[in-house]
Amino acid sequence: MKQSRLGSWIALFIGTLYFVVPLAGTFEFSLRMRRGEYSFDAYRSVFADSAFQESFLFSCLMALATIVIGVLIVVPTAYWVQLRLRKLRPLIEFITLLPLVIPAIVIVFGYLRLYNSSSFLPMTAEIWSTNLLLAFSYVTLALPYMYRAVDTGLRSIDVRTLTEAAENLGAGWTTILFKVILPNVRTAILSGAFLTFAIVIGEFTMASLLNRPAFGPYLQLVGANRAYEPSALAVMAFVLTWACMGLINVFGRAKQIKHAP
Amino acid sequence: MDRLGCCWRPQAYPLAAYPSVVSGKMTQSQETMAPPSAASRLQLVQSAWAWVGVAPFLIFALMFLILPTLYLIVGGFQDPQGNFTLQNIFDLFTPSIMSAYWISIKVSGASAIVGAVIGFGLAYAVVMGGLPAWIRPTLMTFSGVASNFAGLPLAFAFLATLGRTGLVTVLLVKFFDVNIYATGFNLLSFWGLTLTYLYFQIPLMVLILTPALDGLKREWREASEILGASALQYWVHVAFPILWPSVLGCTLLLFANAFGAIATAYALTGSSLNIITILLYAQIRGDVLHNPNLGYALALGMIFITGLTNGAYIWLRGRSERWLR
């Protein structure tokens with residue numbers, strides 16, 4: 001028994017080392033910009049770069065659009081499947097898992113062939129429609145996570161009773177969806193949203209191939225041309241990912257406490 | 001007005017399985033009065049309306065997920081004039097393309113297997129290693145973060161750590177007089193990429209394997225101990241036969257996860273390590289193969305490999321669910 005516990009500590013030690021050392025290395029490297037002493041010059045340089053501000057804002061707006069479109073597509077579908085089309089559940093679940101099977105680069109390759117400027121639906125011809133296409137591509141990337149989160153949330157509430165009660169009180173379907181169902185799965189939607197944000201914010205392949213000035217292509221450009229800024233950006237990206245996951249945990253726990261007897 | 005105009009609200013078509021106190025009696029009398037053909041037509045209309053609810057999702061999936069993929073799959077079997085051909089598939093077996101697939105498979109395979117082994121060790125340590133209780137949620141949160149810390153920032157982090165002037169490289173020279181680059185190590189290589197991928201592979205393994213380990217019941221171990229089994233016998237005859245589908249399934253997921261990745265490799269190695277996603281990226285950008293249809297076949301090959309991996313995963317999950325509920 002004693003021996004097995006030692007093994008556990010060793011496994012944990014190796015895991016922690018693997019997790020912490022690259023972070024420490026990155027942080028240390030990001031402080032090296034000024035010769036001979038540590039400074040935050042690399043961070044200052046990043047924040048002062050107007051391309052950083054613009055691309056980061058662009059990706060934030062993209063993430064927001066992705067979350068809104070994703071919620072509008074996923075929540076009614078998951079609700080409807082739960083309430084009326086249970087036999088469709090395997091099909092819908094299969095479709096939501098497809099983005100894990102089809103690599104992102106293949107999906108965007110298909111977009112470029114199917115929706116290029118000389119096709120029947122020339123979405124890449126205009127900037128606004130390319131942005132829309134990019135948001136749609138991000139919705140497909142986030143689909144497995146978003147659907148799972150919402151579906152789990154819907155399973156934990158009594159969809160049928162809530163719907164019937166609302167109906168008996170004379171509510172229309174928009175009222176049911178937006179005032180009854182949405183508030184009840186708010187926690188699930190929020191965790192799906194933060195995960196979506198973490199996925200979208202640094203995404204490179206789709207933004208780069210659709211030629212949009214997002215944060216991912218900007219990172220690539222900095223990585224290819226600068227020495228210390230990339231590690232500063234990596235530290236910031238890590239903090240951002242951490243914040244997203246932390247928020248998911250906070251909201252998840254709040255719900256658990258509320259539901260505890 | 002609302003009642004008539006907005007007829008896809010659920011109230012508009014009460015089903016037998018969905019009785020409503022208010023309208024139940026009326027529906028019943030309607031049903032007995034109406035001839036069978038009308039009733040079946042009503043049912044048809046009802047199910048048609050039910051489909052309307054999932055229509056936006058299905059249209060979206062069709063337009064932005066299924067059709068683009070199908071376009072490439074069909075294109076992979078066509079020549080530039082649009083006639084059916086298997087030539088593109090044969091052309092995949094040229095050395096340059098095969099080596100790209102092969103490097104991708106090797107990197108994904110190595111990072112999946114090593115990630116699975118270390119991830120298993122970690123998951124096992126927190127689930128039944130007798131560690132303090134606070135470690136498990138901490139490790140889970142860490143894993144959630146690290147498994148999502150991929151793409152370009154991950155490449156930057158490893159360049160800053162294990163690059164030629166990275167912290168670990170420098171410290172090793174300073175304190176142990178070991179220059180890892182003199183031993184032939186290179187971050188911009190197969191092992192370098194594998195080592196980098198492990199950063200998200202290990203935590204992903206921890207996240208997806210822990211529920212399976214939770215399903216390993218304490219009673220089974222106790223029962224085998226009471227019957228006089230050694231620890232080894234318990235593992236060989238009880239735990240392993242139950243766990244292997246989960247472990248192998250999770251390993252396959254890690255493989256697929258690494259196989260489709262591009263950003264990390266692109267930032268880390270540029271195009272010096274020609275993995276399949278980087279080749280496809282170059283093909284999309286500039287038709288480096290000088291044959292668009294061969295590009296489609298390239299994508300088709302990727303879907304084939306990830307599809308096979310996921311298919312095997314689903315089959316294994318079905319097996320593992322027999323015991324682990």
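To find a chain, count down the sequence lines: A is the first, B the second, and so on, and within it residues start at 1.
For the pair B:L131 and B:R136, the minimum side-chain heavy-atom distance is 4.5 Å or more. Counting only heavy atoms from C-beta outward, the side chains of B:V114 and B:Q201 never approach each other to under 4.5 Å. Contact of the A:F136 side chain with the A:I73 side chain is not registered, since no non-hydrogen atoms from C-beta on lie closer than 4.5 Å. The shortest side-chain heavy-atom distance between B:L159 and B:L188 falls under the 4.5 Å cut-off. For the pair B:Y101/B:I305, a side-chain contact is recorded, criterion being any heavy-atom separation below 4.5 Å from C-beta on. The closest side-chain heavy-atom distance from A:Y138 to A:T196 is not below 4.5 Å.
Contact of B:V54 with chain A is made through backbone and side chain together, with heavy-atom distances under 4.5 Å. With a 4.5 angstrom heavy-atom cutoff, B:L58 touches chain A only via side-chain atoms. A:L112 touches chain B through its side chain: at least one heavy atom from C-beta onward sits under 4.5 Å away, while N, CA, C and O do not. Neither the backbone nor the side chain of B:L171 comes within contact range of chain A; no heavy atoms are under 4.5 Å apart. Contact annotation for B:Y296: both backbone and side-chain heavy atoms come within less than 4.5 Å of a heavy atom of chain A. Contacts of B:Y71 with chain A are made by side-chain atoms alone, with heavy-atom separations under 4.5 Å and no backbone atom involved. For a residue to count as touching a neighbouring chain, one of its non-hydrogen atoms must lie under 4.5 Å from one of that chain's; by this rule B:T309 does not touch chain A. Only the side chain of B:I262 comes within less than 4.5 Å of a heavy atom of chain A; its backbone N, CA, C and O stay farther away. When heavy atoms are compared at a cutoff of 4.5 Å, B:M63 approaches chain A by way of both its backbone and its side chain. Heavy-atom distances place both the backbone and the side chain of B:N148 under 4.5 Å from chain A. With a 4.5 angstrom heavy-atom cutoff, A:L240 does not touch chain B via any of its atoms. Neither the backbone nor the side chain of A:I10 comes within contact range of chain B; no heavy atoms are under 4.5 Å apart. Neither the backbone nor the side chain of B:A267 has a heavy atom closer than 4.5 Å to any heavy atom of chain A. For a residue to count as touching a neighbouring chain, one of its non-hydrogen atoms must lie under 4.5 Å from one of that chain's; by this rule B:F142 touches chain A with backbone and side chain alike. For B:L162, no part lies under 4.5 angstrom from a heavy atom of chain A. For a residue to count as touching a neighbouring chain, one of its non-hydrogen atoms must lie under 4.5 Å from one of that chain's; by this rule B:Y124 does not touch chain A. Both the backbone and the side chain of B:F57 have a heavy atom closer than 4.5 Å to some heavy atom of chain A.
For chain A, the option among B:I303, B:L122, B:L67 with the highest count of heavy-atom pairs below 4.5 Å is B:L122. Interface remark: of the candidates A:R113, A:E28, A:M236, A:E203, A:R113 forms the most heavy-atom pairs closer than 4.5 Å to chain B. The candidate with the highest count of non-hydrogen atom pairs below 4.5 Å against chain A, out of B:V145, B:T306, B:T165, is B:V145. Chain B forms more heavy-atom pairs under 4.5 Å with one residue of A:S208, A:A227, A:S231 than with any other, namely A:S208. Top candidate by heavy-atom pairs under 4.5 Å with chain B, chosen from A:I105, A:T140, A:L195, is A:I105. Counting heavy-atom pairs closer than 4.5 Å to chain A, the top-ranked of the candidates B:A157, B:P292, B:G166, B:G260 is B:A157. Highest contact tally toward chain B, considering only A:P76, A:G246, A:P22, A:A11, is held by A:P22 [criterion: heavy-atom pairs under 4.5 Å]. Across A:L88, A:I199, A:L100, the residue that shares the most heavy-atom pairs under 4.5 angstrom with chain B is A:L88. Chosen from A:A224, A:G202, A:P103, the residue pairing most often with chain B at heavy-atom distances under 4.5 Å is A:P103. Ranked by heavy-atom pairs under 4.5 Å with chain A, the first of B:N257, B:I135, B:I202 is B:I135. Per-residue counts of heavy-atom pairs under 4.5 Å with chain A were compared for B:F259, B:Y313, B:Y281; the largest is that of B:Y281. The candidate from B:G311, B:G295, B:G163 with the greatest count of non-hydrogen atom pairs under 4.5 Å with chain A is B:G295.
Judged purely by distance below 3.5 Å, without hydrogens or angles, the side chains of A:Y79 and A:T163 pair a donor atom with an acceptor atom. Judged by distance alone, the side chains of A:R89 and A:Q82 do bring a donor and an acceptor atom under 3.5 Å apart.
A cation-pi arrangement, defined by a distance under 6.0 Å to the six-membered ring centre and an angle within 45 degrees of its axis, is present between B:R221 and B:Y234.
Proximity of a side-chain donor or acceptor of A:R160 to a complementary backbone N or O of A:L83 within less than 3.5 Å is detected. The main-chain N or O of B:G151 is found under 3.5 Å from a side-chain atom of B:T264 such that the two form a donor-acceptor pair.
A:Y228 pairs in a ring pair (Phe, Tyr, Trp, His ring centres under 6.0 Å) with only one of the listed residues (A:Y38, A:F29, A:F27), which is A:F29.
B:P68 and A:Y115 make their closest contact through CG-CE1, 4.5 Å (heavy atoms, listed as atom of the first residue, atom of the second, distance). Closest of all the heavy-atom pairs between A:P99 and A:I95 is CD-O, 3.5 Å. Of all heavy-atom pairs between A:T26 and A:A234, the closest is CG2-CB, 3.8 Å. The shortest non-hydrogen separation linking A:A232 to A:V46 is CB-CG2, 4.4 Å.
In this structure, A:F215 has its ring center at least 6.0 angstrom away from the ring center of A:F204.
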